[in-house]
Amino acid sequence: MTHVYIDRIGEFVGQTVTIKGWLHNRRSSGKIHFLVVRDGTGFLQVVMGKNDVPEETFKAADHLSQESSIIVTGTVREDQRAKGGYELTAHALEVVSTATDYPITPKEHGVDYLLDRRHLWIRAERQTAILKVRHEIINAVRDFFNHQGFILADTPIFTPAACEGTTTLFPVQYFEDETAFLTQSGQLYNEANAMALGRVYAFGPTFRAEKSKTRRHLTEFWMVEPEMAYADLNDVIALAEGLVSSVVARVLDKRATELKVLERDTSKLETVTTPFPRLHYDEAAKILLDKGVPFQVGGDLGGTDETVLSQQFDRPVCVTHYPAAIKAFYMKPDPNQPDRALCVDVLAPEGYGEIIGGGQRLDDYDLLLQRIKEHQLPPEAFEWYLDLRRYGSVPHGGFGMGIERCVTWICGLEHVRETIPYPRMLYRLYP
RNA sequence: UCCUCGGUAGCUCAAUGGCAGAGCAUCCGGCUGUUAACCGGAGGGUUGCUGGUUCGAGUCCAGCCCGAGGAGCCA
C-alpha cells in the first residue's frame with residue numbers, strides 16, 4: 001500500500017493509502033472512533049466505524065493509548081467536519097508499539113513540567129510549528145547569503161581566549177594543561193575569513209555563561225554572523241535590513257499554516273519591508289526621555305528601553321552610534337564624533353528587543369592595539385588578529401543575528417526557550 | 001548576585017488556623033460525526049524539606065531546597 005505523508009494527503013482523495021505515525025488523541029461514540037494521528041508532517045483525523053473493520057481492530061482502537069505508534073490504511077476523503085479538511089476512513093490498523101501513561105496529556109501543563117519532558121513536548125502541534133518556522137528561518141538566512149555570493153566559513157567553537165573579555169565564558173579542559181573556552185562569537189575569526197574570501201558568514205552555536213534569567217536568554221544559542229571586507233556602517237545596515245526583511249517574507253510565504261497554529265498576527269509581519277527606520281543613539285535617548293523613561297544617557301539600552309523604542313515603529317529599528325565606551329574594543333569610532341562607535345543594533349518590533357548587533361570594525365593597527373590594552377586584554381593573544389591590520393587592512397564590518405530571538409519574534413512567543421529543540425538555560429541542562 | 005512570586009493527587013489548580021477537594025489523566029461502563037467530545041462509576045495524598053508557635057498548621061513564624069518572572073549583561 002502507498003505510504004503517504006499527511007501534508008500531502010490532499011493529493012490522494014479517493015485513493016486507499018497508508019499513513020505511519022502516532023496516536024495524538026482519540027474520541028469515540030461507542031460505534032465510531034475518531035483517531036487523530038500525527039506523523040511529523042501534520043495531523044489527520046482517522047474515522048473508524050464499527051462495521052468498517054474487523055471486530056478485533058475496532059476493539060484495539062478503543063483501547064489505544066496516546067502516543068502509541070500505529071500504521072493505518074484507509075480511504076482518503078474530503079470532509080469539512082475534519083480539521084485540515086481531509087479524513088481517512090480506516091480499513092486496517094496496525095499497532096507498532098503501545099505507549100503507556102504518556103505524561104503530556106491533552107490538558108494544560110506547567111512550563112517546568114514540560115521542560116523536564118522537552119523530548120516529548122516537541123511532539124505537540126504548537127512545538128512542531130515553532131520548529132518548522134525555525135527551520136524556515138535558518139534556510140532563508142542561508143539562501144540570502146548564498147545567493148549574494150557570501151562564502152560559508154565557520155569559526156571555531158573551542159577558542160583560546162575571550163573575544164571581547166566582557167562576558168563570562170564556559171571553560172573547557174583542553175587536554176593536559178590548557179583551558180579552552182566555548183566561543184561567544186566567531187567575529188574575530190570572521191574578520192580574518194573576510195580578508196581571505198571577501199564576504200563570508202559563519203553560522204553555528206554560541207555560548208554565554210552569564211547568569212541571565214530572562215525570557216530573552218539561552219546559554220547556548222545559534223547565531224549567524226556575516227562579515228564584509230571593504231564595507232562601512234551603511235553597508236552593514238543595508239545588509240541587516242535585507243536579511244531581516246527577506247527572512248520575514250520567506251516565513252510569511254512558506255509557513256502560513258504554522259503561523260496560524262501559533263495564532264500569530266501576521267499583519268505585524270507584513271509591514272517588515274526596507275528601509276528600516278534609523279535612530280542615532282542621541283535621538284533614541286531623546287525619545288526615551290520624552291516618554292518619561294528613566295534612561296541614563298551614556299549607558300546601554302535596557303530591556304524596557306528597547307521595548308519602548310521598538311513600539312514607536314511598525315518594523316525593526318536600527319539604533320546607531322552608541323557611546324564607544326560601552327561597546328567592544330574592536331568597534332571603529334566615528335571620525336566625526338570619536339566618542340561614538342560606528343555600530344548598529346537592530347531592535348525587533350512589538351518589544352521583542354535586540355536581534356542584531358554589529359558595526360564597522362577598527363581597522364587601524366595603532367588604535368586597535370591601544371584599545372586592547374585599555375580593555376586590559378593580553379596583546380599576545382591577539383597577535384593573529386593584529387596581523388589583519390598589518391597585512392592589507394581595509395574598512396570592514398558585519399553583524400551577528402541571534403536565531404532564537406528571531407524565531408521568538410516571528411512566531412510571536414513569550415519566551416526563547418520554545419524556539420530550540422533542547423534549550424540550555426541557567427539551571428536547565430536536562431534533557 | 002539582587003528583587004518579586006510560587007511549590008497541595010500523575011497533571012492544572014481550590015481549600016476563614018478546624019473532616020484535603022474539583023477538573024483532566026488512568027481503570028470500568030454507556031453513546032455511529034466527535035473537535036482539549038460527552039455522560040455515569042472507581043482507584044489515587046509524607047500538602048518541597050527541617051524545626052517552631054498552637055488544643056489543632058496545607059494555612060502562621062524561621063531556615064533551607066527547587067522553580068518561575070524581572071534587574072544587571074547580552075544575540
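All of these numbers come straight from a predicted model, not from anything done at the bench.
Between A:Tyr189 and A:Trp384, the ring planes are parallel. Angles under 30° get that label, and only those over 60° would be called perpendicular.
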Using the 3.5 Å cut-off, write out each protein N or O paired with an N or O of nucleotides 9-11 of chain B and the distance between them.
from  : atom 1 : to       : atom 2 : distance (Å)
B:C11 : O2'    : A:Glu108 : O      : 3.0
B:C11 : O2'    : A:His109 : ND1    : 2.6

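Atom name C1', nucleotides B:C11 and B:G44: the rounded distance is 13 Å, in whole Å. A distance of about 11 Å separates the C1' atoms of B:A9 and B:C13, rounded to the whole Å. Taking atom P on both B:C39 and B:G69, the two are 35 Å apart, rounded to the nearest angstrom.
For A:Arg417, taking side-chain heavy atoms from C-beta onward, the closest of the listed nucleotides B:G69, B:G72, B:G67 is B:G69. Distances from the side chain of A:Glu210 to the nucleotides B:C74, B:C28, B:G72 place B:C74 closest.
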Apply the test side chain to side chain contact (heavy atoms under 4.5 Å, CB included) to residues A:Phe276 and A:Val317: give CA-CA distance (whole Å), side-chain angles for both, the deciding distance (0.1 Å), then the verdict. CA-CA 6 Å; A:Phe276 297 166; A:Val317 54; over 6 Å; no
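Each of A:Gln66 and A:Asp62 was matched to the nucleotide of RNA chain B holding its nearest heavy atom; the match closer to the 5' end belongs to A:Gln66. Both A:Ser29 and A:Ile326 sit near RNA chain B, but only A:Ser29 has its closest nucleotide nearer the 5' end.
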Which dot-bracket string fits RNA chain B when only Watson-Crick or G-U wobble pairs with both atom distances under 3.5 Å count, crossing pairs get [ ], and | stands for a partner on a different strand? (((((((..((((....[..)))).(((((.......))))).....(((((..]....))))))))))))....
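The stretch residues 310-324 of chain A participates, sequence neighbours left out, in no salt bridge (Lys or Arg N to Asp or Glu O under 4.0 Å) pair at all.
Counting non-hydrogen atoms under 4.0 angstrom, A:Glu404 reaches nothing in the nucleic acid. Here A:Leu218 lies in heavy-atom contact (under 4.0 Å) with a base.
In summary, of the residues considered (A:Arg371, A:Gln187, A:His375, A:Glu191), a side chain to side chain donor-acceptor pair (under 3.5 Å) with A:Tyr330 occurs for A:Gln187 alone.
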